[in-house]
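Chain letters run A, B, ... following the sequence lines, proteins first, then strands; residues in each count from 1.
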Protein chains: 2
Amino acid sequence: MRQRIESGYWRQGDKISTIEELEKEFGMARVTIRQAIEILREEGLLAARQGRGTFVLELPKEKHWFNLANDLESHAEKVRDNLLRIVNIQEAAPLPVIHDDEGSPASGYTHIRSVQYNDDGPFSVVNLYLSSEIYSRDKKRFTRQPALPRILEMKDIKIRHAFQTVTIGVAGLETSELLKVGLGEPTADSRLVLVDDAGVVIYVAEFHYHRNCFSLRRDLLGGSKAGRAPRRRNV
Amino acid sequence: MRQRIESGYWRQGDKISTIEELEKEFGMARVTIRQAIEILREEGLLAARQGRGTFVLELPKEKHWFNLANDLESHAEKVRDNLLRIVNIQEAAPLPVIHDDEGSPASGYTHIRSVQYNDDGPFSVVNLYLSSEIYSRDKKRFTRQPALPRILEMKDIKIRHAFQTVTIGVAGLETSELLKVGLGEPTADSRLVLVDDAGVVIYVAEFHYHRNCFSLRRDLLGGSKAGRAPRRRNV
DNA sequence: CTCAATTTGTTCGTATGTATG
DNA sequence: ACATACATACGAACAAATTGA
């Protein structure tokens with residue numbers, strides 16, 4: 001029923017199907033349907049009036065405010081001033097998973113696990129494997145600020161590829177606790193792999209975004225940078 | 001536990017924590033942990049040996065084989081020969097949701113709801129709103145084949161924008177039945193809006209992909225078309 | 001070889017939440 | 001409001017296999 005409201009199948013002000021119709025449509029018992037309506041009523045989406053029917057009050061507010069950037073520069077710019085909390089650092093970490101076609105592994109990696117916050121709470125959990133050589137250049141900053149802008153600032157490092165893979169994952173035990181979502185809830189997972197001009201993988205990050213924050217907007221014509229104005233703000 | 005295997009926290013051949021340790025880690029009872037292990041054992045991911053421990057047998061096979069294209073041409077090419085089953089066509093459909101910054105609505109739309117199949121079953125449910133003018137040019141083909149390649153073939157139509165928005169949604173009642181997933185399971189939702197050179201929105205499609213199929217790969221440097229070789233195949 | 005510690009396997013009764021009619 | 005059914009989770013006890021001192 002929530003999906004029907006969000007998708008516009010039921011529009012604002014509409015009278016939705018009666019409970020008896022819904023019983024048949026969803027194949028559930030009257031009590032169960034009423035429980036569902038009760039939940040949406042408390043959220044302010046529906047209003048039920050005895051003898052008249054049930055009506056759509058308002059559309060849920062726009063979520064998906066975190067719009068993923070479409071190029072590396074603006075991605076770095078967005079996260080530059082993010083608040084993050086380091087959960088764990090492991091200097092001699094096991095090698096991250098690197099596929100053959102991505103590049104060759106560096107000699108060693110430091111594993112940094114952190115949580116990114118905004119005013120509403122955590123919106124992203126990050127597992128970062130950073131080439132030990134780069135990490136050791138400025139340990140202090142890497143433990144306080146997002147790594148990506150720091151790396152782009154290093155003049156001697158030329159980045160040849162920035163492979164990004166976006167998939168849908170599920171929150172495991174650790175991630176769900178850090179992101180404050182239920183175990184098994186879906187997350188938007190973005191894997192970012194930076195390869196330098198020697199073909200060495202210097203940075204592997206797995207971002208787990210809260211599904212309600214995440215969106216990716218682009219214009220499939222005229223380059224990837226187009227994209228319209230963001231609905232709320234960028235981070 | 002599945003996530004720990006997929007993420008590499010437990011590697012192939014490793015002995016995982018004992019049931020008693022897992023009880024404490026996950027805060028669950030012995031029987032529950034065993035049920036979970038049993039599920040992964042049946043899937044062939046784990047092997048439990050009495051008196052010795054439980055071991056990781058193999059990594060789950062690569063899923064995410066459907067890689068979303070990064071430009072309109074190749075997107076159309078990918079779907080050109082897809083098998084699709086029309087579920088519903090409504091010629092005088094209510095206007096789709098169009099945002100102000102996208103363009104102005106056409107005079108009327110035809111709503112086409114279809115399911116896309118591959119050998120393994122349905123992998124995508126599509127809600128398409130097609131400008132009635134364009135639909136009426138070749139009703140037969142639009143009810144049999146994907147619309148996008150047909151539109152690109154029409155020489156008199158110049159497409160100025162192809163706005164794509166990717167988010168994570170949940171399968172509602174209809175979608176979950178068509179996609180053969182559970183109610184409330186997450187889906188990858190891609191909204192594609194085509195705007196012609198007069199600023200008219202001629203095409204609005206919502207794709208709901210099965211979460212296990214979906215991935216989006218690109219290189220954030222050197223244009224959006226880069227991307228590595230797909231792991232299995234493209235559709 | 002034996003014994004104790006470790007670890008998985010099995011079973012019992014019980015409680016809770018959800019859905020049914 | 002009530003009786004029923006079902007899936008899931010709990011806690012405890014005991015059985016069986018493995019390992020190493």
Tell me whether B:Arg49 at atom CZ has more than 12 heavy atoms from other residues, nucleotides or ligands lying less than 6.0 Å away.
no
Checklist line | Short side-chain N/O contact from B:Arg52 to OP1 or OP2 of D:dT19, under 4.0 Å | finding: yes
What residues 31-45 of chain B contributes to the DNA chain C interface at heavy-atom separation below 4.0 Å is B:Val31, B:Arg34
- prompt: Are A:Lys180 and A:Glu185 ion-paired here, with the side-chain N under 4.0 Å from a carboxylate O?
  reply: no
Notebook entry, point to check: So, B:Glu23 and B:Arg34, do they make that salt bridge, N to O below 4.0 Å?
Noted result: no
Pairing partner of C:dG21, by Watson-Crick or G-U wobble and under 3.5 Å for both distances, is D:dC2
Of the listed D:dA17, C:dT20, C:dT7, the closest approach to the B:Gln50 side chain comes from D:dA17
In whole angstroms, the gap separating P of C:dC12 from CZ of B:Arg30 amounts to 16 Å
In whole angstroms, the gap separating P of D:dA17 from CZ of B:Arg49 amounts to 13 Å
Please work out which of the three classes, parallel, tilted or perpendicular, describes the rings of B:Tyr135 and B:Phe142, given edges at 30° and 60°. tilted
| B:Glu43 and B:Glu58: CA distance, side-chain angles, deciding distance, side-chain contact (heavy atoms from CB on, under 4.5 Å) verdict | CA-CA 10 Å; B:Glu43 292 181 22; B:Glu58 54 180 330; over 6 Å; no
* Asked: Do NZ/NE/NH1/NH2 and the carboxylate oxygens of B:Arg113 and B:Glu206 come within less than 4.0 Å?
  -> no
